[in-house]
Amino acid sequence: MDDLLAILRAAGEPTRLRILSILSAGEMTVSEMTQALLQSQPRISRHLKLLAEAGIVRRFPEGSWVFYRLNEDNENFALVAELINLLPENDHTLLRDRERLSRVRAERSLRAQEYFAINASKWDDLGARHIPEDLVEAEMSAILSHAQCDLLVDLGTGTGRMLDLFGGHAAQAIGFDTSSDMLAIARARLDSPAHAHCQVRQGDCAAIPLEDAVAGVVIIHQVLHFLDDPARAVNEAGRVLAPSGRILIADFLPHEVEVLRDEHAHRRLGFSDDMVVDWMTQAGMVDVKPTHLHGKRDDDLVVGLWTGVKAEA
Ligand SMILES: C[S@@+](CC[C@H](N)C(=O)[O-])C[C@H]1O[C@@H](n2cnc3c(N)ncnc32)[C@H](O)[C@@H]1O
């Protein structure tokens, strides 16, 4: 009973209910919350501290940013979910919070789009801070060596490199990306009879425009660190994967290179195995395995490959 009372006490305050309402849209930084709720950072941080102490939210410090998300692992999370569910949909304050949050996110997304538009034509030549890409690709190739399927899906396809390399594993391969400039490069790359079975389409990996359980392979290569809600993309990948289908995610392990945020539109400074494995498991994958690829220099970023199989229905 004490745990339930702790939740009710912590949630029973207007600003904290507003925080729960916007966090139900996915993970968020303190700065985004201050802009959505129009309250000072110290005030929001104080409320978040109380919510964290009651086990309602979890905090993930990452470099100079801290991300917060609802703590779905709390054994009394059903109470939190019910409170959020009971919030009136037409409440003026909550509606305004969500509108401001959408504006903040749209501005951020626009900045990322501009970054990809500016860099699209030179993308494949941008200097890497990690183990050479051909070694990462060789490892991915080994992981996918036995995967043959009807449909391969590449999320955040960019210039279409993954379709070029791995499209041969499928009768049909589709890459989705939000940037039309990146897609233009991908189309040019794939414009050959050898790639006739490959296509690219504009689409957001937070809402993949595909039916459930249609893909035999899903690849997410160096995309998650750009996303507002990487867990949601992994969940969507799980939704479109057919039973026994394989997922392969490539991204960075946790690092402290803040300049990637400031100058290269990264939102997240890498991901731990625990985090990615948890998202994959929640999305219905089994046999989840991480691999770490270290570069030669001490300060090279470590690349993580996470692979798993969609559980049988
Ligand atoms: C670093 S590039 C990686 C491209 C590609 N996967 C590769 O390996 O060459 C990241 C790509 O993710 C795309 N992207 C960012 N946010 C996205 C989203 N929400 N949905 C789909 N694509 C997204 C960007 O437009 C960009 O093309």
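Read the numbers this way: they start at 1 and go in the same order the structure lists the ligands and their atoms.
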Is there a side-chain contact (heavy atoms from CB on, under 4.5 Å) between Leu210 and Val153 once you walk through the steps?
CA-CA 10 Å; Leu210 286 177; Val153 173; 3.6 Å; yes
How does Met182 reach ligand 1, by side chain, by backbone, by both or by neither, if only non-hydrogen atoms under 4.0 Å count?
side chain
Please compare Gly175, Gly156, Gly158 and report which has the shortest non-hydrogen distance to atom 6 (N) of ligand 1.
Gly156
[X], any N or O under 3.5 Å of ligand 1 N or O:
| X | answer |
| --- | --- |
| Arg161 | no |
| Thr159 | no |
| Asp154 | no |

Going by heavy atoms, is Ala112 under 4.0 Å from ligand 1?
no
Lys NZ or Arg CZ of Arg268 over Phe67 ring: under 6.0 Å, within 45°:
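That pair qualifies as a cation-pi contact.
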Would you give the length of the straight line joining atom CD1 of Ile249 to atom CD1 of Ile220, rounded to the nearest 0.5 angstrom?
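Between atom CD1 of Ile249 and atom CD1 of Ile220 there are 4.5 Å.
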Per-atom contacts of ligand 1 with [X], taking only distances under 4.0 Å to non-hydrogen atoms:
| X | result |
| --- | --- |
| Gln222 | 1 (C), 2 (S), 3 (C), 10 (C) |
| Phe226 | 1 (C), 10 (C) |
| Thr157 | 4 (C), 5 (C) |
| Gly203 | 20 (N), 21 (C) |
| Leu227 | 16 (N), 17 (C), 18 (C), 19 (N) |

Does the ring centre of His225 sit less than 6.0 Å away from the ring centre of Phe252?
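Yes, ring centres under 6.0 Å apart.
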Do Glu133 and His221 meet the criterion of a side-chain donor-acceptor pair at a distance under 3.5 Å?
yes
Going by the rule side-chain hydrogen bond (donor to acceptor under 3.5 Å, both in side chains), which residues pair with Trp279 if we only count those two or more places apart in sequence or in a different chain?
none
Not counting sequence neighbours, which residues clear side-chain hydrogen bond (donor to acceptor under 3.5 Å, both in side chains) with Asp273? List them please.
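If we apply the side-chain hydrogen bond (donor to acceptor under 3.5 Å, both in side chains) test to Asp273, skipping adjacent residues, the hits are His292, Trp306.
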Using a strict cut-off of less than 4.0 Å between a Lys/Arg side-chain nitrogen and an Asp/Glu carboxylate oxygen, indicate whether Arg108 and Asp228 qualify as a salt bridge.
yes
